[in-house]
Protein chains: 2
Amino acid sequence: MLAAERRDHLLGLLAREGKIVAKDVAAELGISEDSVRRDLRDLASEGLCLRVYGGALPVSPAVVGYTARQTVAPDGKRKVASVAAGLVRPGGALILDGGTTALAVARALPQDLACTVITHSPTIAAALLDHPQTELFMLGGRIFKHSAVACGAAAVEAAQNVSADLCLLGVTGVHPEVGLTTGDAEEAAMKRALAARAAETYVLASSEKLGTASRFRVLPWEEISGLITDADPHDAVVERLTARGVEILTTG
Amino acid sequence: MLAAERRDHLLGLLAREGKIVAKDVAAELGISEDSVRRDLRDLASEGLCLRVYGGALPVSPAVVGYTARQTVAPDGKRKVASVAAGLVRPGGALILDGGTTALAVARALPQDLACTVITHSPTIAAALLDHPQTELFMLGGRIFKHSAVACGAAAVEAAQNVSADLCLLGVTGVHPEVGLTTGDAEEAAMKRALAARAAETYVLASSEKLGTASRFRVLPWEEISGLITDADPHDAVVERLTARGVEILTTG
DNA sequence: AAGATACATGCAGAAACGTGCAAGAACAGG
DNA sequence: CCTGTTCTTGCACGTTTCTGCATGTATCTT
């Protein structure tokens with residue numbers, strides 16, 4: 001059994017059954033539980049699954065379900081979200097990506113802020129329903145379960161018809177050389193489409209994502225305006241990015 | 001059974017039935033009451049449920065906010081939803097309208113039903129994210145706050161590109177002569193667009209809507225396949241509708 | 001007030017985890 | 001073809017986490 005084959009099997013299982021039990025898979029494939037755990041750890045680090053005690057679950061950041069449902073985002077994400085929310089101008093238009101950090105941004109927006117929010121995430125749209133002054137525009141399309149956002153041809157096409165002042169993107173990996181990456185090709189394409197429709201694009205990246213890279217590139221550094229992170233300004237990765245001319249907004 | 005899976009089960013139960021009895025769940029899942037209590041304590045500490053003596057209750061929607069987790073539908077709506085959910089065939093495609101009754105239908109769909117659901121409601125999309133077998137398609141457009149669904153030109157246009165076996169519509173008024181009505185012109189247009197894309201259209205109407213009418217007409221009786229209601233089959237309005245040749249599905 | 005039920009806590013066995021290590025396979029270069 | 005390197009895999013070990021039971025306490029019901 002090839003390693004890649006095994007990973008595919010795991011991802012298939014995750015999509016089909018909605019969960020992976022390390023012990024069962026090990027028995028089924030006749031390999032050690034250690035290998036399964038190693039694979040799951042790798043997949044999780046690429047943002048393709050969510051590791052839990054005993055196995056793994058589909059990565060569904062904002063999904064109603066399982067433990068991924070953090071009502072209260074961890075401290076780092078909240079701070080990043082709060083800085084990002086500060087970039088939104090009254091009367092302006094914001095394109096908001098999916099994911100937990102973006103959801104935290106939606107929650108951090110003042111209740112009575114009068115602006116337009118464009119999103120492809122039903123979760124974020126639902127979260128903004130109680131902002132009476134906020135004009136909401138939903139980009140439709142096929143919903144990708146693992147990321148809980150609309151992706152694919154229809155969604156990308158829908159994105160062509162909007163434009164905004166600011167785009168806030170969440171990603172899986174932030175790497176000085178590789179750029180911004182994510183674990184799914186369709187998602188990457190969608191994020192590109194979103195970024196292309198805004199005058200400025202900022203990336204939301206809590207510190208644990210710095211220095212990591214996933215399979216699919218979203219954008220090179222040249223095409224983004226800046227990075228919002230809770231990492232230390234003297235962090236090695238942050239300094240390499242600064243040297244590359246990337247504007248860094250920290251939560252300090 | 002994964003610990004995370006158990007927690008999800010609890011949250012699902014909370015959303016579906018509006019309460020959790022620790023003893024019952026323990027028996028149902030074949031685990032100790034202590035584990036259930038521990039889980040409930042954890043969930044409560046995250047603000048995901050309200051711990052009470054003997055079990056737990058959902059937290060108020062205002063607190064959780066972002067998810068579809070509003071209070072449980074009243075009994076009548078739940079019964080209507082359950083009948084409606086029974087119309088959905090595995091492998092089929094369903095167009096699901098917005099509104100509380102439609103949301104109840106979404107919740108009543110079996111967790112592992114393999115079908116396609118097309119909706120213009122972010123709330124309903126969010127509610128179906130944890131159905132791994134369900135293909136979700138979101139119709140985008142401007143979100144109308146009072147009804148929390150996408151309406152308007154973009155949404156109607158998006159609807160032109162889909163088709164389904166079944167459309168389930170919620171309305172505000174159900175009147176033997178006037179037909180189906182709702183309070184907003186854009187919503188009415190959207191509902192018409194949805195109905196036009198399905199082979200069959202059924203209307204969801206809890207009994208309190210029978211005999212009432214709102215300002216804008218959605219569809220005349222000729223264009224719908226039937227009505228799903230919890231009203232008595234001998235109700236005056238129901239009998240008038242039967243006389244007009246409308247198929248009535250009751251919850252009895 | 002008393003019995004019943006639910007609860008928190010401590011504890012022990014079990015299960016899952018991470019790490020280091022060694023055997024083996026795949027690979028590159030000589 | 002041989003050799004050294006790298007990567008993968010499974011095992012062993014100590015650690016952490018989970019789960020069910022027992023105990024004593026709090027809360028509800030009658």
Side-chain angles (χ1 to χ4, degrees), chain A residues 1-14 17-60 65-72 74 172-173 175 177-178 181 183 207-215, chain B residues 1-14 17-59:
Chain A
M1 157 131 328
L2 263 40
E5 207 177 336
R6 224 172 37 216
R7 288 174 46 121
D8 279 351
H9 185 86
L10 289 174
L11 288 174
L13 220 53
L14 213 51
E17 306 190 2
K19 69 164 181 175
I20 285 177
V21 179
K23 196 171 122 185
D24 297 352
V25 181
E28 181 196 343
L29 300 182
I31 57 178
S32 75
E33 290 181 39
D34 298 74
S35 292
V36 178
R37 271 196 280 271
R38 263 187 277 252
D39 285 339
L40 291 180
R41 199 194 321 163
D42 294 346
L43 291 177
S45 79
E46 288 181 39
L48 296 174
C49 76
L50 178 69
R51 195 77 175 80
V52 298
Y53 199 88
L57 296 172
V59 55
S60 31
Y66 300 119
T67 49
R69 184 207 330 247
Q70 307 134 335
T71 28
V72 181
T172 308
H175 195 280
E177 322 304 332
V178 185
T181 52
S207 53
E208 80 269 14
K209 289 172 180 160
L210 298 185
T212 70
S214 290
R215 191 170 299 272
Chain B
M1 157 134 319
L2 261 41
E5 208 180 345
R6 219 174 40 217
R7 290 171 45 122
D8 178 61
H9 183 86
L10 291 174
L11 289 170
L13 221 53
L14 213 52
E17 305 188 2
K19 67 169 182 179
I20 285 177
V21 179
K23 197 170 126 185
D24 298 352
V25 182
E28 182 196 343
L29 300 181
I31 56 178
S32 76
E33 290 180 40
D34 297 76
S35 290
V36 177
R37 272 195 279 272
R38 260 187 278 251
D39 285 338
L40 291 180
R41 200 193 321 168
D42 293 347
L43 291 176
S45 78
E46 291 176 42
L48 296 171
C49 75
L50 181 66
R51 195 76 176 79
V52 296
Y53 202 86
L57 296 172
V59 292

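Lettering of chains follows the sequences in order, A, B, ..., and the numbering in each one begins at 1.
Atom NZ of A:K209 and atom OG1 of A:T172 lie 6.5 Å apart (nearest 0.5 Å). Distance CG/B:L10 to CG/B:D42: 10.5 Å, rounded to 0.5 Å. Atom-to-atom distance recorded for A:L57:CG and A:L14:CG is 7.0 Å, nearest 0.5 angstrom. Separating the CG atom in A:L13 from the SG atom in A:C49 is a distance of 11.5 Å, to the nearest 0.5 Å.
The list of salt bridge (charged side-chain N to carboxylate O under 4.0 Å, His left out) pairs with a residue in residues 5-14 of chain A, not counting sequence neighbours, reads A:R6-A:D39, A:R7-A:E46.
The nearest whole Å value for the distance from the CD atom in A:E5 to the P atom in D:dT8 is 16 Å. In this structure, A:I31 places its CD1 atom 12 Å from P of D:dC11, rounding to the nearest Å. Rounded to whole Å, atom C1' of D:dC7 lies 13 Å from atom CG of A:L2.
Reading DNA chain C from its 5' end, the first and the last nucleotide to sit under 4.0 Å from a heavy atom of chain B are C:dT5 to C:dT9.
Five base pairs at each end of the helix from C:dA1-D:dT30 to C:dG30-D:dC1 define two local axes, and these are offset by 40° (rounded to 10°).
The stretch residues 32-40 of chain B touches DNA chain D through B:S32, B:D34, B:S35, B:R38, each having a heavy atom under 4.0 angstrom from the strand.
Listed by chain and number, the residues in a side-chain contact (heavy atoms from CB on, under 4.5 Å) with A:S45 amount to none (sequence neighbours excluded). With sequence neighbours left out, A:S214 forms a side chain to side chain donor-acceptor pair (under 3.5 Å) with no residue at all. Residues meeting the side-chain contact (heavy atoms from CB on, under 4.5 Å) test with B:R51, sequence neighbours left out: B:R37, B:L40, B:A44.
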Which atom pairs, one a donor and one an acceptor, fall under 3.5 Å between side chains of residues 20-32 of chain B and the rest of the protein, sequence neighbours left out?
residue, atom, partner, partner atom, Å
B:E28, OE2, B:H9, NE2, 3.4
B:S32, OG, B:D34, N, 3.4
B:S32, OG, B:S35, N, 3.2
B:S32, OG, B:S35, OG, 3.4

Check nucleotides 25-30 of chain D against the protein and report each pair of N or O atoms closer than 3.5 Å, with its distance, or say if there are none.
residue, atom, partner, partner atom, Å
D:dT27, O2, B:Y53, OH, 3.4

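Looking at every heavy atom in both residues, B:G18 comes nearest to B:P58 through O-CD, 3.1 Å.
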